[in-house]
There are 4 protein chains.
Amino acid sequence: MATTEASPTAPAPESETQARRRGRQRSAETEQVILQVTRELLVECGVQGLTIEKVAARAGVAKTTIYRRWRDKDELALAVVLDMVEQVVKLPELGDTRAELLAFVNAAVKVLGSTLMGRVMQGLVSDLATDPELAQAFRDRVVSVRDGEVARLVERGIARGDLRPDTNPETAHELLIGPVYYRLLLSGRPLDRAFAKRNVEAVLRAFAPDPPTA
Amino acid sequence: MATTEASPTAPAPESETQARRRGRQRSAETEQVILQVTRELLVECGVQGLTIEKVAARAGVAKTTIYRRWRDKDELALAVVLDMVEQVVKLPELGDTRAELLAFVNAAVKVLGSTLMGRVMQGLVSDLATDPELAQAFRDRVVSVRDGEVARLVERGIARGDLRPDTNPETAHELLIGPVYYRLLLSGRPLDRAFAKRNVEAVLRAFAPDPPTA
Amino acid sequence: MATTEASPTAPAPESETQARRRGRQRSAETEQVILQVTRELLVECGVQGLTIEKVAARAGVAKTTIYRRWRDKDELALAVVLDMVEQVVKLPELGDTRAELLAFVNAAVKVLGSTLMGRVMQGLVSDLATDPELAQAFRDRVVSVRDGEVARLVERGIARGDLRPDTNPETAHELLIGPVYYRLLLSGRPLDRAFAKRNVEAVLRAFAPDPPTA
Amino acid sequence: MATTEASPTAPAPESETQARRRGRQRSAETEQVILQVTRELLVECGVQGLTIEKVAARAGVAKTTIYRRWRDKDELALAVVLDMVEQVVKLPELGDTRAELLAFVNAAVKVLGSTLMGRVMQGLVSDLATDPELAQAFRDRVVSVRDGEVARLVERGIARGDLRPDTNPETAHELLIGPVYYRLLLSGRPLDRAFAKRNVEAVLRAFAPDPPTA
DNA sequence: GACTAAGCGAGACGGTACGTCGCGTCTTAAA
DNA sequence: TTTAAGACGCGACGTACCGTCTCGCTTAGTC
């Protein structure tokens, strides 16, 4: 039955190397056009207002061409998100724990607050709860990547003596990023550098090593 | 067009005192039946699968009767959420800052983690970004209420000497609740008491008063 | 069950003379307003587009006030038609059969071709087939009245020697008026005096007395 | 808006020869099922009671499949009518003018008086006034076809010396058919052979050639 | 070079739900 | 009692997208 077993991530990685399928090859260009149009429509209409039919029409592409690559519109939207997230650069080692934490939060604040990523995330988040595959993909590709980054960051902070040795990286991650999404999704308060700064200071205090007892 | 200017909150509270409207009154009973059925369907199908037609059918009510009160299904769903949130009891003064913070976070963790509120919030959050009226209502009725509670809690903590005098209640609120929604909506990690505990401890340290310099 | 047994003609003739009902009396003015608005709407929208709700709104009257007087919109429309038909004056005796026939056809051509009667009849005719009471009323008040007129006209024509003694008045009526409605309802050809003239000439020939055999 | 420019007659005959449209072809079988079901429902419920939803349900077809072919229920009903009218056979040359006229009128009397065509026409006639396209189609496909037939009939009658040379075929047509529709739509009198006979005799007299002056 | 298995555009198709309109009935408070 | 106002159950409307399914090309391999 299952026509194509499109993975929830990249469109049909297939059997990797070798075994080049016979018949006409899927056009990579078409793929890019679809993704680009999807990006545009996500900005204009949100995930809610995104429709395969609109994408197809504006991309000058048949609906089947889209369905051949992505199972449904949520998967298409996710593909766009992952595409963007993957472009988020790794955070550099700055030698200063405060600076590194700030860089981490500011990166999130910036991408969610001033690019279409924020809009897309707002629209996508409800689908994450509905579609387990989508959720899994999001967690594997975004949450756990950030988890890893924070873990390394915390490690370095501990090594430098800036953070308590028992600092739980998961808790740190949640304290750093939770408020960001809370503003984006629920309270609607602005995502700006002052907010990031305030948040980082609190987290630093929360995990500051105990002062040496005199 | 504009038949009735159904408010996004309760259905048409009107001018309250006096000026009893002419014409047949809206049945309060009907209202309750609709809300109850909506609650049930939200549990069964999620916000995604909620349908005005299903609500109407199960409530034994005409679609128009629903549309007369709520503009669309999102507004109806929100009405249910607000209805439930409003029933969330005020947190009592416990005399202990740690206990009060824990009670606050645990309340959120419990309602979002083990009632249908979690499901509903997951489904609703995307609509908050789309519909400004909905968002406003949510902020007025939920966010700012919690803001107030945290502010009082922080005040008491400062008075008791448990929190630094410059503790920013908004930041505290975001650190306490942000991670809860992050788990609910994005990371999918469990909402349990251990998580609440860990979070509260971190926040307490973040806003602990400076130790007296000897 | 039957709330009001509104007759299909005039609104609620009630118990005739005497026995003035207790309570507030129905306003005759209201009646006129409703009829006038109905006339207007019939012109603007046709019977098809006529709605009780529009009538009520424009007349500044409650729907119930209309339903109290007429069973439904068809009956209301018919009331307007009958109202108009009744105003059609009796044809005078002209002393000339050709002139009388022409006057008869021309009257129909004029009222159907250049007043709203034509529009109304077009819209009403489908309902005549559906609603037997309506049909009966129409036949009693319009068809048979015309029948009578034609019968007298034919009688006079026979007396004058202009028509054969065995002239069937019903056939004459149908030949005179059938083509008029055929144009109005089906062929869409113009209703003008030339058409009337041509038609009358044919009918005159059809019923001309046999020439005296020499 | 304008999805397909469904013609008011047959559903999208397109450019006929060549230029086979791309995409999946419309199923001719589906078309026939819909028309058949429509015919049935017209008999059962009349045009008034005809519903796209009922047609779709009974035909086992999606509503969209119907709307893709006909703009609305009136157009669908007309399609059925035209379909039936088109099946009305051409009148044969009988060699006798009286017989030919009788055959013509009797054909109309029969189809309108004893098949569902009568019912359908009653229901449709109001829509003819509303929808110009519908009206045009009806005139092209029904009125003018009958016009042509009568014209030929009249010609032959003149050639045979049965009709006056100046017989106006349009007037003849209207005198023959007008009374039939008058009975069907307005007076409700029976459509029978006696009526047809009487009518034809009158028309024959109306267009009888002048007797040779001795 | 012919064969053949996709890819591709177009668009028909069965569905589900939408939000609207108008019906005719009913309830309410005022006149 | 009538009236204006308007809630109510109901049935149908015509539309929007969904995801699937033909069609008749076009394009790339493999034989």
Side-chain angles (χ1 to χ4, degrees), chain A residues 1 3-4 20-27 30 49-57 59-69 71-73, chain B residues 1 3-4 12 19-27 30-31 49-54 56 59-69 71-73, chain C residues 1 3 21-27 30 49-57 59-69 71-73, chain D residues 1 3-4 12 20-27 30-31 49-54 56-57 59-69 71-73:
Chain A
M1 284 305 129
T3 43
T4 323
R20 300 197 58 70
R21 275 149 35 266
R22 288 207 291 167
R24 184 168 167 182
Q25 245 54 33
R26 285 195 192 158
S27 156
T30 297
L50 181 73
T51 50
I52 296 288
E53 306 223 318
K54 271 190 248 173
V55 174
V61 139
K63 281 200 293 175
T64 33
T65 302
I66 299 176
Y67 281 113
R68 211 171 281 122
R69 288 151 209 262
R71 210 160 12 87
D72 54 29
K73 78 168 188 167
Chain B
M1 290 292 137
T3 40
T4 322
R20 297 199 57 68
R21 272 150 40 263
R22 288 215 285 169
R24 183 167 166 182
Q25 247 57 33
R26 286 195 191 158
S27 158
T30 296
E31 211 126 302
L50 181 72
T51 310
I52 296 285
E53 304 222 319
K54 274 189 240 167
V61 141
K63 277 200 293 177
T64 35
T65 299
I66 299 176
Y67 282 114
R68 212 170 278 124
R69 289 150 209 263
R71 252 211 323 281
D72 54 30
K73 77 169 187 167
Chain C
M1 281 303 129
T3 42
R21 275 144 39 261
R22 287 204 289 163
R24 183 164 164 184
Q25 243 56 30
R26 284 194 193 159
S27 155
T30 297
L50 182 72
T51 50
I52 296 287
E53 308 222 317
K54 272 190 246 171
V55 174
V61 141
K63 282 199 294 174
T64 32
T65 302
I66 298 175
Y67 281 114
R68 212 169 281 123
R69 288 152 209 263
R71 210 163 9 88
D72 54 31
K73 75 168 187 167
Chain D
M1 290 292 139
T3 38
T4 324
R20 297 198 58 68
R21 273 154 36 266
R22 289 216 284 169
R24 182 167 167 181
Q25 247 56 33
R26 286 196 191 155
S27 157
T30 296
E31 212 125 302
L50 182 71
T51 310
I52 296 286
E53 305 223 316
K54 274 189 241 167
V61 140
K63 276 201 291 176
T64 36
T65 299
I66 299 176
Y67 281 114
R68 212 170 277 124
R69 289 150 209 264
R71 253 213 323 280
D72 53 31
K73 76 169 188 166

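Quick caveat, the model's predicted, so the values are computed rather than measured. First the proteins, then the strands, lettered A, B, ... as listed; each starts at 1.
For the pair C:T51 and A:V61, nearest-nucleotide mapping onto DNA chain E gives the more 5' position to A:V61. Residues D:I52 and C:E53 each lie close to DNA chain F; by heavy-atom proximity, the contact nearer the 5' end of the strand is made by C:E53.
At a cut-off of 3.5 angstrom, counting only N and O atoms as typed in the model, there is no donor on one side facing an acceptor on the other between the side-chain of D:K63 and the base of E:dG14. With hydrogens and angles ignored, a donor-acceptor pair closer than 3.5 Å exists between the side chain of D:R24 and the base of F:dC21. Below the 3.5 angstrom threshold, one finds a donor paired with an acceptor across the side chain of B:T64 and the base of F:dC10.
Between B:R26 and F:dG6 there is no side-chain N or O to OP1 or OP2 distance below 4.0 Å. Contact between the side-chain N/O atoms of D:R68 and the OP1/OP2 oxygens of E:dG11 is not found at any separation under 4.0 Å. Regarding contacts with the backbone of F:dA4, a side-chain N or O of C:T65 is found under 4.0 angstrom from either OP1 or OP2.
The distance from atom NZ of C:K54 to atom CD1 of C:I52, rounded to the nearest 0.5 Å, is 11.5 Å.
Between A:E53 and A:K63, the closest heavy-atom pair is OE2-NZ, 2.8 Å. Contact between C:A56 and C:A62 at its shortest, heavy atoms only, is CB-C, 4.3 Å.
One can place CG of B:D72 at 6 Å from P of E:dG19, the figure rounded to the nearest angstrom. Remark: C1' of E:dC13 and CD of D:Q25 are 13 Å apart, rounded to the nearest angstrom. Atom pair C:K73:NZ and E:dC21:P shows a separation of 16 Å (rounding to whole Å applied). The separation between D:I66 atom CD1 and F:dT15 atom C1' is 15 Å, rounded to whole Å. Between D:Y67 atom OH and E:dA12 atom P the separation is 17 Å, expressed in whole Å.
Considering only side-chain atoms of A:S27, the nucleotide from E:dC8, F:dA4, E:dC18 that sits closest is E:dC8.
Proximity of a side-chain donor or acceptor of B:T51 to a complementary backbone N or O of B:G49 within less than 3.5 Å is detected.
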